[in-house]
Amino acid sequence: MARHRRPTRPTRLTGEAARRGLALTLAGASALTATVLVVAGAPAAPPAPDRIPAGGTSDVAQLSRE
């Protein structure tokens with residue numbers, strides 16, 4: 001009786017599979033790098049001295065004092 005075997009995978013990547021793998025690797029690396037830069041990065045400039053630092057956001061528009 002014949003044995004059923006799993007088909008063997010090719011040992012070399014085809015051009016299309018290699019491009020897809022490279023694209024996925026680069027996309028993942030760039031997303032990870034962007035995340036690290038956002039978390040570890042300091043703001044480019046301090047807040048303006050005439051502004052109150054925003055503690056949170058609000059859905060209600062601020063009233064003008066003019």
**Prompt:** Hydrophobic cluster mates of L22, side-chain heavy atoms under 4.5 angstrom, ILVMFWY only, any path?
**Reply:**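 Members besides L22, by chain and number: L26.
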**Asked** Under a single-linkage rule joining Ile, Leu, Val, Met, Phe, Trp and Tyr whose side-chain heavy atoms are separated by less than 4.5 Å, which residues share a cluster with L24?
**Response**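 So far as hydrophobic clustering goes, L24 is joined with none.
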Acceptor/donor pairs from residues 31-41 side chains to any protein atom, 3.5 angstrom cut, sequence neighbours excluded:
from : atom 1 : to  : atom 2 : distance (Å)
T33  : OG1    : A29 : O      : 2.8
T35  : OG1    : A31 : O      : 2.8

**Prompt:** What residues form a side chain to side chain contact (heavy atoms under 4.5 Å, CB included) with A17, not counting sequence neighbours?
**Reply:**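 Partners of A17 under the side chain to side chain contact (heavy atoms under 4.5 Å, CB included) test: L13, T14.
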**Prompt:** Which pairs with one or both residues in residues 17-33 pass salt bridge (Lys or Arg N to Asp or Glu O under 4.0 Å), sequence neighbours excluded?
**Reply:**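 Residue pairs passing salt bridge (Lys or Arg N to Asp or Glu O under 4.0 Å), neighbours aside: E16-R19, E16-R20.
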